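Values in this document were obtained by computation on a predicted structure and should not be read as measured data. The residues of the chain are indexed from 1 along the displayed sequence.
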Amino acid sequence: MRLPSTEALSVWVGAEVVLSYLRSISDGFGYLAGFLMYLALSLATLHKRVKTFLAMMGMFGIVYLVVSFFPEVISFSFGLFVPLITYIMLIDYGDLTSPGLATATGLISALLTYPTNIVLVVVYYLIIGIFSYTYLVLVNRKGRSITGFSSLSIVRPFLRAMSYKRGEEVEGFLEKISTNFNTSVLVLKLGEVFIVLPRIHYGMYGEVGSSLFPYQIESALGRRTLVFHGPGSHELDLASKRDSMKLAEEISSKVGSEKWEKIRFGGIMFLSQDRFRMTSLVFDKIMLNFTERPNYGIDDLPGNLWDEILRSRNFIIDCHNESLKEEIGHKDERVLREFVSKRIIPTKETPLQVGYGEAELSTSCEGLCSKRVKALVLGDKEHKVLILYIFANNANEETGKMIQERFRNKYDRVILVTPDDHSCTGTTFGNLYSPAEPCPMAVDALEKAVNEAEADFKEVEAEYMIISTKTKVIGKFISSMVEGLEQVGNFAMKTFWIPVIFPYVLLIVTLLGDYLIKL
């Protein structure tokens, strides 16, 4: 929920305190004392999130003023918000501590209102607290049955990270569930330009995991570096940015110290395989394919293609340049597997021409994680291809059309590429996925980069190396985690209201029972 400003919420709560004081003139000092104690204890437990505290107290204040007209309900009123406060406390406290603190806060405040039947009030609050805790046990048990971890132990680090910008807690959790992994990295050197294609995924989000890897490797190798996205999704996320930086440093070290293998260029080819379109750089020892899926979208190709790719040396880049309209299914996987299993061997050597340029936007555009844009011009004396690189998590169809309209008349093919950049996604609630939106300023910056690349366009030599190393990735647990959270989420969305209304039902039963006993 987007809350009003702290100042506005403070005025709201302050007004309710004044009204409570006025009501206490007729209802007794205990009415005001209970409310002030509730404010103080709630602030003590929610002091890290003052806005949330003020919003909850503002809503409770309305209920409290209403029940002032029903004196027999006043002592029970603090229990009405115990489940809601419990939910809110789960970000900062444990599964038992949260309902415990929420219940204690309500009970202590209730006792200051001088209840006529203290035993009944105490029993009422204890039942609500136990009921709230039991519900959390059920939620956790559902998650544990699927993932092996309680639901809240998975969710809590992510909520804390978003609330307090504490990504280290998420990484601590990811390191617990990560597995050792033998990864491979293709590094292709075209003159002074480095192309890096690692067997990892750039996630989870923000600075967590390997989200910063494209920036880290660029910093290690220099500005003329393009880091592309290969097959694979979040199962190939590294556990922490430390692991990501370690991999970037290892690649940089090997690039500078190990022997490169020279390769002969056989030309540019335009290929298609079912719904996929490939723009292929054909060398005698490897093949590199910029892969698109026009009109259907492309997003995270199957990661198990890597084994076949490394065997055949027929590498594919997921251009990640059009949001999905149709999921990539088993048929698509079979098509790609068939394609990568057969590498084309060139029959002649062709001159390789490369030009590199980059520019910076004067202002940010929706969906871009960085203001920098890059252009890579590739040629073989017969064909000329333009690669436009933006730091984004995919792009919508209109963005691609805008770019095509600006540049397609000068090149045989214009290809927009994003690295599936997660560094600016998932950093705030509601911002889990934001592809690059159409932005004239971004296109203008790309044009500057293209002009620089054209000025740099020249014949170059090509070399490559494949680096094999060990790291830690999240692995298949991500699938069971997502499945578990989906099922738990569905369960919670259908049942979260039960603890919320339980205090009201219990209050009616309690008052009715007390009335019947007195009769």
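- For the residue pair Thr495 and Tyr135, a side-chain donor N or O sits within less than 3.5 Å of a side-chain acceptor on the partner.
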Ile390 vs Leu446, side-chain contact (heavy atoms from CB on, under 4.5 Å): CA-CA, chis, key distance, verdict: CA-CA 9 Å; Ile390 59 175; Leu446 284 168; 4.2 Å; yes
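- With Lys374 contributing its side chain and Thr225 its backbone, the two residues share a donor-acceptor pair below 3.5 Å.
- Counting only N and O atoms by type, the side chains of Glu366 and Ser434 include a donor and acceptor under 3.5 Å apart.
- Annotation: cation-pi geometry not satisfied between Lys325 and Tyr296 (NZ/CZ under 6.0 angstrom from ring centroid, within 45° of ring axis).
- No donor-acceptor pair under 3.5 Å is formed between the side chain of Ser42 and the backbone N or O of Leu39.
- In the model, Ser132 has no side-chain atom that pairs as donor or acceptor with a side-chain atom of Thr86 under 3.5 Å.
- In this structure, His320 contributes its side chain and Asp299 its backbone to no donor-acceptor pair below 3.5 Å.
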Side chain to side chain donor-acceptor pair (under 3.5 Å) between His234 and Asp300, intermediate numbers included: CA-CA 9 Å; His234 286 282; Asp300 290 355; 5.1 Å; no
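- Under a cut-off of 6.0 angstrom, the local environment of NZ in Lys254 is crowded, with over 12 non-hydrogen atoms contributed by other residues, nucleotides or ligands.
- With no hydrogens or angles considered, a side-chain donor-acceptor pair links Asp95 and Asn140 at under 3.5 Å.
- Residues Tyr124 and Leu507 meet the side-chain proximity criterion, which asks for heavy atoms closer than 4.5 Å.
- At least one donor-acceptor pair under 3.5 Å links the side chain of Thr147 to the backbone N or O of Gly143.
- When atom types are taken as modelled, the side chain of Ser178 and the backbone of Glu175 share a donor-acceptor pair closer than 3.5 angstrom.
- The backbone N or O of Ala248 sits nowhere less than 3.5 Å from a side-chain atom of Ser252 that would complete a donor-acceptor pair.
- A ring-centre distance under 6.0 Å is not found for Phe78 and Phe35.
- Taking every heavy atom of both residues into account, Thr179 and Gly475 meet most closely at OG1-CA, 4.5 Å.
- A 4.5 Å side-chain heavy-atom check between Ile85 and Phe60 finds every atom pair outside the cut-off.
- Remark: side-chain polar atoms of Glu322 are not paired, donor with acceptor, to backbone N or O of Glu292 under 3.5 angstrom.
- At least one donor-acceptor pair closer than 3.5 Å links the side chain of Thr105 to the backbone N or O of Leu101.
- A side-chain contact (heavy atoms from CB on, under 4.5 Å) with Tyr389 holds for exactly one of Thr418, Val227, Leu416; it is Val227.
- Separating the NZ atom in Lys470 from the CD atom in Glu250 is a distance of 11.0 Å, to the nearest 0.5 Å.
- A side-chain donor from one of Asp421 and Tyr215 sits under 3.5 Å from a side-chain acceptor of the other.
- Side-chain atoms of Ser24 come within 3.5 Å of backbone atoms of Tyr21 as a donor-acceptor pair (strictly under, hydrogens ignored).
- Judged purely by distance below 3.5 Å, without hydrogens or angles, the side chains of Arg23 and Ser68 pair a donor atom with an acceptor atom.
- Aromatic ring orientation, Tyr202 versus Phe213: parallel (interplanar angle below 30°, classes split at 30° and 60°).
- Counting only distance, with no hydrogens or angles, the side chain of Arg144 and the backbone of Gly148 share no donor-acceptor pair below 3.5 Å.
- The aromatic rings of His229 and His201 lie perpendicular to each other, with more than 60° between the two planes, well past the 30° mark.
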